[in-house]
Each structure stands twice: as structure tokens, then as C-alpha cells.
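Presented below is the structure to which this report refers.
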Protein chains: 2
Amino acid sequence: MSAPAAAKGLEHVVLGDSAIALVAGETGGLSYRGYDINELVPNATYEGVVQLLLQGDAPSPDPPERLSAELHRRRVLDASTTKLVDAVPLGLPPLEALRSLLSLLGGPAWSYPPTQDQALDLVAKTPTLLARYVRRSAGQAALPDRPDLDHAAHYLYLLTGEVPVPAKARALEQYLVMLADHGMNASTFALRIVISTESDLISAAVAAVGALKGPAHGGAPAKVSDMLDGVGAPENAEAWVASALGRHERLYGFGHRAYKTEDPRAVQLKRIAKTIADPQRLAVAEAVETAGVAALRRAHPNARLFLNVEFYGAVVLEAVGLPRELFTPTFAVARTAGWGAHALEQSSDNRLIRPDVRYIGPAPGRLWPGSSS
Amino acid sequence: MSAPAAAKGLEHVVLGDSAIALVAGETGGLSYRGYDINELVPNATYEGVVQLLLQGDAPSPDPPERLSAELHRRRVLDASTTKLVDAVPLGLPPLEALRSLLSLLGGPAWSYPPTQDQALDLVAKTPTLLARYVRRSAGQAALPDRPDLDHAAHYLYLLTGEVPVPAKARALEQYLVMLADHGMNASTFALRIVISTESDLISAAVAAVGALKGPAHGGAPAKVSDMLDGVGAPENAEAWVASALGRHERLYGFGHRAYKTEDPRAVQLKRIAKTIADPQRLAVAEAVETAGVAALRRAHPNARLFLNVEFYGAVVLEAVGLPRELFTPTFAVARTAGWGAHALEQSSDNRLIRPDVRYIGPAPGRLWPGSSS
């Protein structure tokens, strides 16, 4: 039995060192390897952020020619891979399907330790696998690769069959940039534990997708859209919020353990939403934001509650044309870059991650029923 | 940036309270809810241990009639499930296949929070899924359920098509009892993280299988058999061990972070191996044990190095007739009980598991190439 006090949820326990992302919760800062999210969102491509996260350096120029070509080459599935992934039965929720699609992508080529090639494969293939499955489930044929489209635009094209207008493609790209990493979140932590046993990157990514699925992590943005539907019009927001809180229901899109001030991604996503969202939808969202923050602050005067990334994230993903069952899978598409970076970092100086627990059950020495001891 | 010192690998960090298993590493004790492994191995059925772990109490009498009937009912796959899992392409390594089989078993029926029913389903169906896949891959038809066989014997029957002799069935059952839980190991920890996001038991079990796959957790027992093959005869053991250590190769089956003395499961497994293993194989294993412990103690005079569960675990699994690619999957079959118990315990008082990291990368404020900031 261990003596130290329990650190429930491991809050404030420091797992180790990382050079990938700095989440400055008190000041509302997020940076990847020294580049602030407010510097990246206007300036960086997703490909550039992939290079930054996986290879440790910013590309110059951005987009990085070699890495973009690598991602492009790897995003095209070969015949044996399509056969494997087409085995996934149709009609599953896309995130459940993605867990199985990635699992079926696994095999000896992914052996420990994770490599740059494996990480690039994970980033490149995840959108193709997901889009192929979504189209198959809708009775639509998979689309041929469009070499002229970059990662974000190509993902939208693979889903919709249409080349997105630049404003939508860029909005999605900025979403992918913002969601590409967030330090030691639950999915990344699960991934690092799997890597710490010297298991493979696919096993680790599959674990991460499973963790992302939970509404306390990445599973909530579709519920934001449902909430906005429920509110319907801006003038209903205050009463709707009061009624939901009166029923002790959760308001989706509010609060984050790491941030004690505004989440910088929420600020950026609101700005983007204002440029591309339907004005009526935006008005509902802004009314819910105002009513929600006010009501939550009244209910929890000492808490510092702000919007999280999911609130205007949902509005932006709606505006670029994604159905809500693809919101969390799209979060996963973005986060593959961070997962790859964390897998590489974990394996570069590996140590099995295995905490203690304080045992509070019955004392040893009980006799089993019928035992002759 | 967090100030506290890093707890690399979370060694000695206490995640929280648990009433499931007590791993007493200093004294070599392992107990489930107060029942010592040395009390359980001679006396308990696997079904009894499932009841103990999932429902919190020892059954009386053991085997527990109701729970045994529940497991029996649930182990038979319905037509829609067989269709789903038969989608997994043939010829994958069985543990890779199990990750995909379990992932495909998922869906809305497994929604958070985990339930007793879900946990029993996981325990009951895992052997059937695995055996069905293994037989399909070998070009063999799945076998009809045998209502007269309990969990362990039925698993062997489903794989081999033969009802095992009682000594082998009981040896496998004792292995399953011993491997059913081990506190906060890496696979269980990954599972609890997934549950902590309010994701589902299947996503969590899939994460656990991925973590178990790593040779630093459950992926090594087949390598023990490979090692014994390499040694070949008892008289080669000393030279073989010296040569392997000279090449800085790992000796599989030695050492465990938790135990500073003999692992009680290793002691039990050696005793069982002596009753059922081929005498020549046993002689090789004993010679490697002696040579390995002596050599490792010479190399690391201050370490307390003993056999772990995998060494004689491999010898026992060989003796009951399992091929080595099924060793880690069989570990997973055993551990589903513990995984279920930990999922239930985690969700009963849930808190998102999300540690901090110490950021050691470049300071924020860098300008992106081409940025006009």
C-alpha cells in the first residue's frame, strides 16, 4: 500500500518533459514548439504544422514542398489497404468506424518504435479512410485523388465530391491547425501509455480515438449543434439555458480543465465563424454564449468559466459543410499530427507508464468459499 | 509551466483509490478484494473470480450458478455479430485481429457508463471471437457451443475442436485466474483513461488490448518460448544466456517493476508447469531460469531480479496446447475480467485523467516563416 496522497485524475501531476506544446492555462496561451496558435492560425498551412510537430522545425517556405508531396503520396490507398478497410460493415457511427478502420490498417509495417514514415502515413491516410467509409455508407463511390488539393481541401473534397471554395477550405485548415495538438490531453496520454509498452503506433492511435470519443474529451461538439438546434432563435437562448441548468443538464462547449481564462482557440474559431457561418446560426450561437457564460458564472461564482474549443468549433465545422457525426472524426483527423509527434517523443526516451493506486479494499487473508486452507 | 518535479513513467505516483487488487511488490503478494492469489489458484474457478472482480463478492458456492449461466448465454454470438466479426480479413496476427474484432463488436449498446451486463459480455465473448477468427484463418469451421464446458475448457475446445483433459483445462483455468487482474498495469490504466472521458467499454478494451500488445507489458511470453527453443537443451543454458547478455539482448520472462521479490504467480505457474509440461521442456526452462537469474544478479548486484509471470506462463500455455501467437491473446482473455472491474470502478466516481507535462521546448513568441506579424 502506497503512502502518498492520491492525485485523482492526475491533476497537477507532471508525467514528464515534452517539447511539443505549451498549454498556458492561466494566460490562455497555446503554442507548438514556440509558435503561438495566434501566429499559426493566420500564417501556417496544416502541412507546415505537421512538419513542425513531427520533425521539430518550422518549414521555410510554408507549405513545405517535400512534406506536402509525402503526405500526398501516402494519402492514396493501395488495393490491399482498400480491401482491408472495405471489410468494415457499413452504417456504423463514423468515429466507431474510424476506430476499426485504423485498427485494420495495422500490422507488422507499424512495429515499434514509431517512425516519421509511420506518423506521416497516419496523418495522410486517416482522412482518406474516413471519407471512403462515409461515402460507402451513403452508397457513393470513393473519389479519385485530386493532386491539386492540399490536405484540408482534399478531405472536404473526398467527403463531398466538390472542390471547396477557398474560404471554406482555409477555415477547415485553420481548424485542423488549431486542433493539431494540445499537450497531454486524455487521448494523447492514452496513446503514450500504449507506446510506453513498446506497442505499435496503430494500437496507440486506436486507443487515442477511443479516448477522443468521450464527451469529456472530443465527443461533445455535435452536442453543441444539437443544443443550438434546440435553442432555435437568439431570443430563446436565456430561457433555454436556464431551463437546461434547472434540469441539471450539461451545457456543451463551456469550460476546460486546462484554461482559467479564454481558450485562444475559441477566440480564433469565433472570429472564423463570423466570416463563414450563416448569420442566423451565428446569432443563435452568440446568444447562447452570452446566456451560458452569464448563467454559469452566477451558478459558480468562483469558477472561471469560458467557452472551449468545441463551441465555435461546431459552428465552423457546420459552416464548412460537415455533418455533425463527422465533427469528432474531424477532430481526430487534425490530432493525428499531435499523436504522431507524441508517439515519436515517447519512444525517443521510453519508460513504461504505470502509476500506483492506493488499495482500499478488504485486507488480504480472506478464505475462499469451500477452501480447505 | 508546472513547477513540480517530473514523475517519469508515473512510478510511485498514486492515481487514486481502488478496491480491486492489492499488488504487494515488496512481499510478493497479490490479492483480489482480499483473496490471496495462493488461496484462489487451488480453490477458485475463473467464473468465481469474474464474480468477485465484477460484482465485489466471492460466490458461494463456487462455481456461481447464475453467473456461469450468464457467461454461457453471452458467449454464443448471434448472427449479426458473427457477420460483423467475420469481416475481419484472415491471416492477421491474432492479437491484431482481436483489437479489430473487439472494435467491430462496439456500437450504441456499449454506451457509457459501463455496466455489469457489458462487462460480462466482454468476458464471455472475447474467447469466442478470438477462437472463431483463429479457426477461420486456419480454414476451419467455427465449432458449436458445448454447454457442458466451463469458460476455460470451452476456450480450449473452441480453438482445438477437442474437449481438453481435466488437467489441462484446470491448468488453463488457473492461468486465467492468476492473470485476471493486476491493479494499475499499463493496459488497465489506458482503459481507465478512455473510460474517464466517458467513452465506452469497447473503446476502452480496444485501448487495453493495444497496450497489452507491447513486449514491456503482455507481448513477451511468446518470446520466452522462442528463447527456450533457442537454448534447446539444459546444458546449453548458461552459455546461451551469457551470449545473449553479451549481445545486450533482453532475457524475456525476468523482472517486473512491481515486484522486488518472487512474483507469486511465477511460483504458482512453475508448480503447475511441473505437473503438465513435457519433462524435457521443463528441464530447459529450469536451466534457463537458474542461468538467467544468476547472470542477471551478477550483472546487476543491487537489483532484485526474479522471474515474472511470463516465464512459466509460456511453459504452461505451451503444455495446454496453445500456439505461441495465442499467448498474449490468452492473457487478454484472462484480463477482460479485470478490465471490466476497473471500468466499472472508474465510472462509479469518474474524473477525467489528464496529467501535466513540463514543457521544455522553445519559448513562445517565434515568428512563422513568411509571417507578417
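What you see below is based on every heavy atom in this structure, not just the backbone, and it leaves out hydrogens, waters and symmetry mates. Letters go in sequence order (proteins before strands), and every chain restarts at 1.
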field: Point-to-point distance, once rounded to the nearest 0.5 Å, from CD of B/Glu198 to CZ of A/Arg250
entry: 4.5 Å
query: What residue, out of A/Ala207, A/Pro369, A/Ala97, has the most heavy-atom pairs lying under 4.5 Å from chain B?
result: A/Pro369
field: Heavy-atom check, side chain of A/Glu39 versus side chain of B/Ser371, under 4.5 Å
entry: yes
side-chain contact (heavy atoms from CB on, under 4.5 Å) evaluation trace for A/Met184 with B/Asp356: CA-CA 6 Å; A/Met184 197 53 59; B/Asp356 287 341; over 6 Å; no
message: Would you compute the distance between atom CG of B/Leu367 and atom CG of A/Asn43 and round it to the nearest 0.5 angstrom?
response: 8.5 Å
Partner chain A: residue of B/Gly370, B/Gly107, B/Ala190, B/Gly29 with the largest heavy-atom pair count (under 4.5 Å): B/Gly107
field: Per-residue contact mode, A/Leu101 against chain B (heavy atom under 4.5 angstrom)
entry: neither
query: Side chain, backbone, both or neither: which part of A/Asp349 has a heavy atom under 4.5 Å from chain B?
result: both
- line: Okay, A/Ser31 and chain B: the region with an atom under 4.5 Å from a heavy atom over there is side chain
statement: In terms of heavy-atom pairs under 4.5 Å with chain A, the winner among B/Ile202, B/Ile193, B/Val88, B/Ile195 is B/Ile193
statement: Interatomic distance, CD@B/Glu96 vs CG@A/Leu104, rounded to 0.5 Å, equals 10.0 Å
query: Which value, rounded to the nearest 0.5 Å, describes the distance between A/Asp36 atom CG and B/Trp368 atom CH2?
result: 12.5 Å
field: side-chain contact (heavy atoms from CB on, under 4.5 Å) between A/Tyr359 and B/Val23, intermediate numbers included
entry: CA-CA 9 Å; A/Tyr359 178 71; B/Val23 180; over 6 Å; no
Heavy-atom proximity to chain B below 4.5 Å, by part of A/Asp62: side chain
statement: Under 4.5 Å to a heavy atom of chain B? For A/Ala44 that would be both
field: For A/Gly210 against B/Thr197, the heavy-atom pair lying closest together
entry: O-OG1, 4.5 Å
field: Closest heavy-atom pair and its distance - B/Leu22, A/Pro364
entry: CD2-CG, 3.5 Å
- line: Taken to the nearest 0.5 Å, the spacing of A/His217 NE2 from B/Ser196 OG works out to 9.0 Å
- prompt: Is it the side chain or the backbone of A/Leu191 that comes within 4.5 Å of chain B heavy atoms, both, or neither?
  reply: neither
message: At a 4.5 Å cut-off on heavy atoms, which part of A/Pro215 comes close to chain B: side chain, backbone, both, or neither?
response: both
task: Give the member of A/Ser187, A/Gly56, A/Gly25, A/Gly48 that has the highest number of heavy-atom pairs under 4.5 Å with chain B.
output: A/Gly48
- prompt: Pick one: which of A/Ser199, A/Ser103, A/Ser100 meets side chain to side chain contact (heavy atoms under 4.5 Å, CB included) with B/Arg99?
  reply: A/Ser103
Residue pair A/Ile360 / B/Ser18, side-chain heavy-atom distance below 4.5 Å: no
